[in-house]
Amino acid sequence: MSFVALSSVKHRVRIRQPLPFGVLAADGQLLLSQGYLIETDDQLTALCNRGSLVMLQEVAAEVAAGPDRSVLRAADRVAAWSACTSRLGAVLADSAHPSFQGALDEACTPVLDLIARDPDFAMLQAMREERGSRVQYALRHALHAAIVTRLVAERLGWDVSAMVSAFKAALTMNLSMMELQGELAASRVPPTADQRRIIFEHPARSREMLEAGGVTDEDWLRAVEQHHERPDGCGYPLGRSDVDETARLVRLADTYCAKLSPRASRQAITPDRVGRELFVRDAANPMAHALIKEFGLYPPGSFVRLASGETGIVIKRGPTMLTPVVAALTWRSGEPRTEPLRRDTSQSAFKVLQSVVADEVRSSVPLEALVQVH
């Protein structure tokens with residue numbers, strides 16, 4: 001369970017109004033229940049000074065329920081995503097729990113709300129890469145693919161039920177091989193015979209695990225089982241050509257996100273190159289078209305070099321596919337900035353010249369600062 005200091009979210013507390021979340025002591029013991037009325041500023045200050053904590057999940061739920069995303073502070077949005085994704089990770093890592101489906105449904109709801117409230121920031125989450133354990137790599141990839149799936153499904157005009165099933169299918173497509181997925185990403189050698197067997201069997205095995213966890217949504221289950229099948233019959237494990245529509249979308253998102261992620265054996269591919277490859281290879285595929293239209297060549301979270309000589313990160317889609325809003329992270333000289341600076345790439349002086357991979361960018365600007373520019 002993740003916590004945040006009360007002092008970092010005290011701006012969400014209103015004196016003599018119900019607390020939006022519970023307050024815990026530094027040792028985790030409950031001090032004040034959600035709904036309690038703090039009577040004075042001095043009382044709130046004293047709670048902060050003694051190191052009181054708040055559960056990130058409760059902060060996220062309170063933020064996600066807010067009526068207007070425009071009033072959310074940068075720290076709120078980052079905290080909401082952090083709490084929601086941490087909760088998702090915990091649920092996926094405990095897929096054998098008898099109440100898995102209910103826990104996953106509960107964990108997915110605020111994430112889906114956050115995606116709907118701010119698609120650009122959701123894209124930024126999908127493009128971000130962070131170092132971590134083998135299982136964390138798999139969790140991040142699952143969430144990134146799920147975000148892509150959800151946004152492309154909306155672009156295609158799918159109804160809410162279909163979008164949610166697709167989102168959950170992308171989250172759980174690799175449920176039976178999450179640790180192996182991280183091992184393969186960190187390896188410079190081809191998979192062993194045993195690893196290839198696990199890879200070949202994972203679509204069916206993941207479906208079996210979901211069914212054991214109480215999942216009965218056939219669209220969700222079928223998409224997981226078929227997400228490596230191909231309409232030309234060259235997929236696996238069955239080599240079938242009558243592939244479910246949701247499975248085709250999940251496979252597309254899986255492939256897209258995998259190409260964007262670095263591995264020990266290769267560098268990440270930039271989003272503009274992946275987008276162009278999709279267009280050339282699947283020019284007649286409406287799903288590929290929808291993905292390119294939704295994410296563009298320079299989606300939020302991708303790094304670019306500008307005509308000004310600066311390097312920055314895309315923070316918002318612009319009026320066209322070639323003119324995103326960028327936060328400059330370096331000076332013209334290449335030296336890192338201490339504060340990001342918003343750039344409108346529709347202006348010729350700041351037009352995007354090319355994509356760059358994250359390893360080429362010298363910057364340590366925190367996500368909260370980027371959100372403020374956003």
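Computed over heavy atoms, backbone and side chain alike; hydrogens, waters and symmetry mates excluded. Model, not experiment: these values are computed from the prediction.
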- Task: Mark yes or no for whether Arg337, through its side chain, and Thr330, through its backbone, hold a donor-acceptor pair below 3.5 Å.
- Result: yes
- side chain to side chain contact (heavy atoms under 4.5 Å, CB included), paired with Leu44, selected from Leu19, Val23, Ile38: Ile38
- Message: Are the side chains of Val314 and Ser302 in contact, using a 4.5 Å heavy-atom criterion?
- Response: yes
- Pair Leu221-Asp217, side chain to side chain contact (heavy atoms under 4.5 Å, CB included): steps then yes or no: CA-CA 6 Å; Leu221 294 169; Asp217 179 345; 5.7 Å; no
- Query: Do the side chains of Leu260 and Val148 join up, straight or via other hydrophobic residues, at under 4.5 Å, putting them in one cluster?
  - Reply: yes
- Do His144 and Tyr256 have ring centroids that are under 6.0 Å from one another? no
- Item | More than 12 heavy atoms of other groups within 6.0 Å of Arg188 CZ | no
- Heavy-atom side-chain proximity of Arg248 to Gln226 below 4.5 angstrom: no
- Pairwise side-chain contact, Pro203 with Pro237, heavy-atom cut-off 4.5 Å (strictly under): yes
- Task: Group every Ile, Leu, Val, Met, Phe, Trp and Tyr by side-chain heavy-atom contacts under 4.5 Å, then state whether Met173 and Leu238 land in the same group.
- Result: no
- Query: So does Glu294 pair up with Arg317, basic N to acidic O under 4.0 Å?
  - Reply: yes
- How many angstroms lie between NZ in Lys168 and OG1 in Thr246, if you round to the nearest 0.5 Å? 13.0 Å
- Query: Within the distance-only criterion (no hydrogens, no angle test), does the side chain of Thr270 pair as donor or acceptor with the backbone N or O of Ser355 below 3.5 angstrom?
  - Reply: no
- Query: For Cys257, does its backbone N or O pair with a side-chain atom of Ser261 as donor and acceptor, under 3.5 Å?
  - Reply: yes
- Between CG of Leu47 and CG of Leu24, what distance do you get to the nearest 0.5 Å? 11.0 Å
- Query: Can you check whether Asp219's main-chain N or O pairs, donor with acceptor, with Ser165's side chain at less than 3.5 Å?
  - Reply: no
- Quick one: are Leu139 and Leu88 in side-chain contact, heavy atoms under 4.5 Å? no
- Task: Please tell me if the side chains of Val215 and Trp220 come closer than 4.5 Å, counting only heavy atoms from C-beta onward.
- Result: yes
- Message: One pair to check against side chain to side chain donor-acceptor pair (under 3.5 Å): His202 and Asn174. What are the steps and the verdict?
- Response: CA-CA 7 Å; His202 87 269; Asn174 298 319; 3.0 Å; yes
- Message: Do Tyr298 and Val326 have side chains that approach each other closer than 4.5 Å (heavy atoms only, starting at C-beta)?
- Response: no
- Would you kindly confirm whether Leu370 and Trp331 end up in one hydrophobic cluster when ILVMFWY residues are joined by side chain heavy atoms under 4.5 Å apart? no
- Going by heavy atoms in the side chains, are Val352 and Leu306 under 4.5 Å from each other? yes
- Distance (rounded to the nearest 0.5 Å) between Gln125 CD and Asp120 CG: 12.0 Å
- Query: Do Tyr137 and Val357 belong to the same hydrophobic cluster, where Ile, Leu, Val, Met, Phe, Trp and Tyr are linked whenever their side-chain heavy atoms lie under 4.5 Å apart, directly or via other members?
  - Reply: no
- Item | Side-chain heavy atoms of Ile115 within contact of Phe167, under 4.5 Å | yes
- Message: Between Glu310 and Ser308, is the side chain to side chain donor-acceptor pair (under 3.5 Å) condition met? List the steps.
- Response: CA-CA 5 Å; Glu310 299 162 314; Ser308 61; 2.7 Å; yes
- Could you go through the side chain to side chain contact (heavy atoms under 4.5 Å, CB included) check for Gln354 and Val304 one step at a time? CA-CA 6 Å; Gln354 65 182 112; Val304 292; over 6 Å; no
- Task: Please answer: with hydrophobic residues joined when any side-chain heavy atoms are less than 4.5 Å apart, are Leu104 and Val250 in the same cluster?
- Result: no
- Message: Please find the pair of heavy atoms, one from Cys84 and one from Pro110, that lie closest to each other, and give the distance.
- Response: SG-CB, 3.6 Å
- Query: Quick one: does Glu229's side chain have a donor or acceptor within less than 3.5 Å of a partner on Gly239's backbone?
  - Reply: yes
- Would Asp194 and Thr192 count as a side chain to side chain donor-acceptor pair (under 3.5 Å) if you check the C-alpha gap in whole Å, the side-chain angles of each, and the deciding distance to 0.1 Å? CA-CA 5 Å; Asp194 284 342; Thr192 65; 5.4 Å; no
- Please check if atom CZ in Arg50 has more than 12 non-hydrogen atoms from other residues, nucleotides or ligands closer than 6.0 Å. no
- Message: As a quick check of understanding, evaluate side chain to side chain contact (heavy atoms under 4.5 Å, CB included) for Val325 and Thr345, giving each step before the final call.
- Response: CA-CA 6 Å; Val325 178; Thr345 62; over 6 Å; no
- Item | From Met123 atom CE to Ile147 atom CD1, the distance as rounded to the nearest 0.5 Å | 10.0 Å
- Please answer whether the main-chain N or O of Ala138 pairs with a side-chain N or O of His141 as donor and acceptor at a distance below 3.5 Å. no
- Message: Which residue is it: Leu249, Leu252, Leu291, Leu171? I am looking for the one with a side chain to side chain contact (heavy atoms under 4.5 Å, CB included) to Thr149.
- Response: Leu249
- Heavy-atom closest pair, residues Ser52 and Leu31: OG-CD1, 3.8 Å
- Note on the structure: Closest non-hydrogen contact found for Pro271 with Pro299 is CB-CD, 3.5 Å
- Donor-acceptor contact present, side-chain Thr255 to main-chain Arg251, <3.5 Å: yes
- Task: Would you mind checking if Arg276 and Asp272 are paired as a salt bridge, meaning a charged N to carboxylate O distance below 4.0 Å?
- Result: yes
- Task: Determine yes or no for a side-chain-to-main-chain donor-acceptor pair under 3.5 angstrom, with Gln43 supplying the side chain and Glu39 the backbone.
- Result: yes
- Query: Considering all heavy atoms of both residues, which atom of Leu151 and which atom of Pro119 are nearest to each other, and what is their separation?
  - Reply: CD2-CB, 3.9 Å
- Among Ile, Leu, Val, Met, Phe, Trp and Tyr joined by side-chain contacts under 4.5 Å, find the other residues sharing a cluster with Leu180 and list them by chain and number. Met177, Leu184, Ile198, Ile199, Phe200, Tyr236
- side chain to side chain contact (heavy atoms under 4.5 Å, CB included) assessment of Leu210 paired with Gln101: CA-CA 8 Å; Leu210 290 171; Gln101 182 185 6; over 6 Å; no
- Message: Could you check whether any side-chain N or O of Arg196 sits under 3.5 Å from a backbone N or O of Pro191, counting only pairs where one atom can act as donor and the other as acceptor?
- Response: yes
- To the nearest 0.5 Å, atom CD of Glu245 lies from atom CG of Leu156 at 7.5 Å
- Arg342 side chain to Ala328 main-chain N or O, any donor-acceptor pair under 3.5 Å? no
- Heavy atoms of Ala169 and Val224 approach each other most closely as O-CG2, 3.7 Å
- Task: State the CZ-CZ distance between Arg207 and Arg222, to the nearest 0.5 angstrom.
- Result: 8.0 Å
- Message: Quiz question: by atom type and distance under 3.5 Å, do the side chains of Thr40 and Asp42 form a donor-acceptor pair?
- Response: no
- Item | Nearest atoms (heavy-atom pairs only) where Ala145 meets Ala253 | O-CB, 3.5 Å
- Does one side chain, of Thr323 or Ser346, offer a donor that lies under 3.5 Å from an acceptor on the other? no
